[in-house]
Undergrad: 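Take this structure first; my questions come after.
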Amino acid sequence: MRVAIYARYSSDHQRDASIADQLRVCRLRVESQGWDVVEEYADHAISGASLLRPGIQALMMDAARGRFDIVFAEAMDRLSRDQEDIAGLFKRMNHAGVKIITLSEGEVSHLHVGLKGTMNALFLKDLADKTRRGLRGRVELGKSGGGNSYGYDVVHQFGPDGTAVRGDRKINQVEAEIVRRVLRDYAAGKSAKKIARDLNQENIPGPSGGAWGFSTILGNPRRGTGLLNNELYVGRIVWNRLRYLKDPVTGKRQSRLNDPTEWVIQEVPDLRIVDDALWQRAKQRQEVTKHVMKSAGDGSEPAFRDFKRPKYLLSGLTRCGCCGGGYSMISTNLLGCSTARNKGTCKNRANIRRDELEKRVLGALRHRLMAPATFAAFCEAYILEINRLRMEASAATASAQAEVARIDRDLDMLVNLILKGGAAERLNAKMVALEARKSGLEEVIASADLPPPLLHPEMAGCYRDRVEKLHAALQGQTEEERLEAAEALRTLVEAIVLTPKPAGMEIDVRGDLAGILQLASGEGLLAPDHVQKTQKNRPTRAVDFAELQSQVQMVAGAGFEPATFRL
């Protein structure tokens, strides 16, 4: 039997030796059974509350490819502590014909998944409750509830019993002076952008060690983020302002604001950096600035949809060629590098008129982005790359077909042995196992990718016609028509890189191949099987756009960018 061993530990406070210990005890048991270890997988310092771990992901992919017959681990909670995840893993392994065996539970069955999955989920909840209880007790003693703030250093010390004492902080006098300077400048009327630029020009590191940004200073008043909202600077710890939930799709934590009645507030006067007078002046200016921003000139707040929709045709697509930051509106008509103006770390002070940029990019989309020669080069590289990828995938299919042929021969041999009076029960059991394996292989073969679709040579012409229609729609009669045309046109551009040169602004337009092909394929030009023929006079199959899009992304990922040109 071919065996894969999996090991994991979840805490940064544990040691890599934990992985070695798990692998060693599992390896000893596997060898005592006479099985072969074909692969070992491990995840270091990663929680078992999610399957978004590199080791377990590699294990699942290799199981689907049939690399092993058994997954062996120390216990089920090493594989996952989440009920949904352990059930999903069990189903995937069953589908791949792979058993899960652990030292603690033996061979894992549906009963184990139900009972142990529930127990592990309860363990996580109980652990979270105990952790929060411990943190709350620490905060009520005037200690930190986790993390550190700019202006403070972590105090490392040990108690009388030799255990580490956690949660103590002390003021970093150098950083504390920067905090006071930021609040004084802000209260005096200096903008957060100007404060950040000045700090960066003086090479003063930001809280994360990088450059300062205006958002580092302004933060979010409701969430208590940013230098202007950190109440620790006035000697007050505010804990439990936020709670964190795991997104079940991405596995990432998302914050939610708790009700103020649930906040835990503790006075710590020895950690005060800013006096009340300066703090109140800064907060008063923050309130005034917030009111001015909300008024929007006519006393009404912008509608939600106005925040979501791009204000201009190319909003969010422009990038600085010097630093990689965004180009944004710096006046009514001019675009400039945001990093140069907000942080001062970029030297690019060149600007360009918004209407001129839109005119040049739109003209390029209409006449140059999908020229016949460019499209022909893309088609050739696209098919070569797809064929290479498919040849790699076909090796697994060929192997499965060869194994099916061997199973058929073995089944014929077993039938002959039964007819000759062999041990029917043992032979029958062997036949059942072979039939099951054959069925699984046939499913793999049946689900294998079909040959790649071909691209019609007239797609470039169709694309140009559609861009002409979009261009006309941009001059439409109604605002809704113009907005829809603008959103469709934006899908054709991946990025616009602006780089200042002695002769003027250099503009690199990077087209989104998937968006271009989607637009061009709207009239059914993706190889309809009743019209187009390949070189061998065989009909090509029609494909849906989702499949083509994924293949285009694979080709683009290989480094081929035929939809990039310079103005």
Side-chain angles (χ1 to χ4, degrees), residues 1-8 22-23 26-27 29-30 33-43 46 48 50-114 116-117 120 251 389-390 392-408 410-411 429-450 550:
M1 300 290 284
R2 299 170 301 165
V3 178
I5 299 177
Y6 178 79
R8 176 188 66 83
Q22 293 177 50
L23 294 175
C26 290
R27 200 181 300 116
R29 177 62 65 86
V30 169
Q33 297 293 324
W35 299 336
D36 296 324
V37 177
V38 296
E39 191 61 79
E40 293 178 348
Y41 304 86
D43 284 309
I46 303 179
S50 168
L51 284 180
L52 298 178
R53 293 171 264 146
I56 200 72
Q57 289 291 325
L59 182 145
M60 290 191 294
M61 287 190 292
D62 287 347
R65 299 188 184 107
R67 287 200 59 193
F68 43 79
D69 308 301
I70 294 173
V71 172
F72 204 95
E74 185 180 42
M76 278 178 59
D77 59 13
R78 297 302 87 198
L79 295 167
S80 177
R81 288 188 181 274
D82 184 88
Q83 287 175 290
E84 180 183 3
D85 288 344
I86 193 64
L89 179 65
F90 182 73
K91 288 177 65 176
R92 289 187 180 94
M93 295 301 105
N94 266 351
H95 182 265
V98 176
K99 294 180 181 179
I100 299 177
I101 301 178
T102 68
L103 287 171
S104 299
E105 294 86 13
E107 183 173 344
V108 174
S109 64
H110 290 86
L111 185 62
H112 289 99
V113 171
K116 292 288 288 190
N120 287 331
L389 294 172
R390 291 294 174 84
E392 292 178 356
S394 66
T397 303
S399 176
Q401 289 172 337
E403 189 171 351
V404 167
R406 288 197 301 272
I407 289 174
D408 283 334
D410 291 343
L411 288 172
K430 181 67 173 177
M431 290 176 67
V432 169
L434 288 174
E435 288 285 3
R437 176 63 177 165
K438 178 182 176 182
S439 176
L441 291 170
E442 288 175 341
E443 288 182 9
V444 172
I445 294 170
S447 62
D449 290 335
L450 295 174
S550 66

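In this text the structure is predicted, and so the values were computed from the model without any measurement.
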Undergrad: What pair of heavy atoms forms the shortest contact from R29 to F72, and how long is it?
TA: CG-CZ, 3.4 Å
Undergrad: Work out which heavy atom in M76 is nearest to a heavy atom in V108; give both atom names and the distance.
TA: CG-CG2, 3.9 Å
Undergrad: Restricting to non-hydrogen atoms, name the atom on I101 and the atom on E107 that form the minimum distance, rounded to 0.1 Å.
TA: CG1-CA, 4.1 Å
Undergrad: Quick check on R67: does its CZ atom have over 12 non-hydrogen neighbours (other residues, nucleotides or ligands) under 6.0 Å away?
TA: yes
Undergrad: Is a salt bridge present between D36 and R2, judged by a nitrogen-to-oxygen distance below 4.0 Å?
TA: no
Undergrad: Can you check whether R27 reaches E40 side chain to side chain, under 4.5 Å on heavy atoms?
TA: yes
Undergrad: Check D77 against R8 and note the closest heavy-atom contact, atom names and distance.
TA: O-NH2, 2.6 Å
Undergrad: Where do I56 and Y41 land on the side-chain contact (heavy atoms from CB on, under 4.5 Å) test, with the steps shown first?
TA: CA-CA 7 Å; I56 200 72; Y41 304 86; over 6 Å; no
Undergrad: How long is the span from the CZ atom in R78 to the CG atom in L103, to the nearest 0.5 Å?
TA: 12.0 Å
Undergrad: Show the nearest heavy-atom pair for residues Y6 and L79, with the distance to one decimal.
TA: CD2-CD2, 3.7 Å
Undergrad: How close do A96 and A63 get, heavy atom to heavy atom, and via which atoms?
TA: CB-O, 3.5 Å
Undergrad: Supply the atom-to-atom distance L23 CG to E74 CD, rounded to the nearest 0.5 angstrom.
TA: 10.0 Å
Undergrad: Do the side chains of D408 and K438 get close enough for a salt bridge, i.e. N-O under 4.0 angstrom?
TA: yes
Undergrad: Do R53 and S80 have side chains that get closer than 4.5 Å, going by heavy atoms?
TA: yes
Undergrad: Calculate, to the nearest 0.5 Å, the distance between atoms CE and CD1 belonging to M93 and I100 respectively.
TA: 6.5 Å
Undergrad: Rounded to the nearest 0.5 Å, what's the gap from CZ on R92 to CG on L59? Could you check?
TA: 11.5 Å
Undergrad: What do the steps show when you test N94 against H110 for side-chain contact (heavy atoms from CB on, under 4.5 Å), and what is the final call?
TA: CA-CA 11 Å; N94 266 351; H110 290 86; 4.2 Å; yes
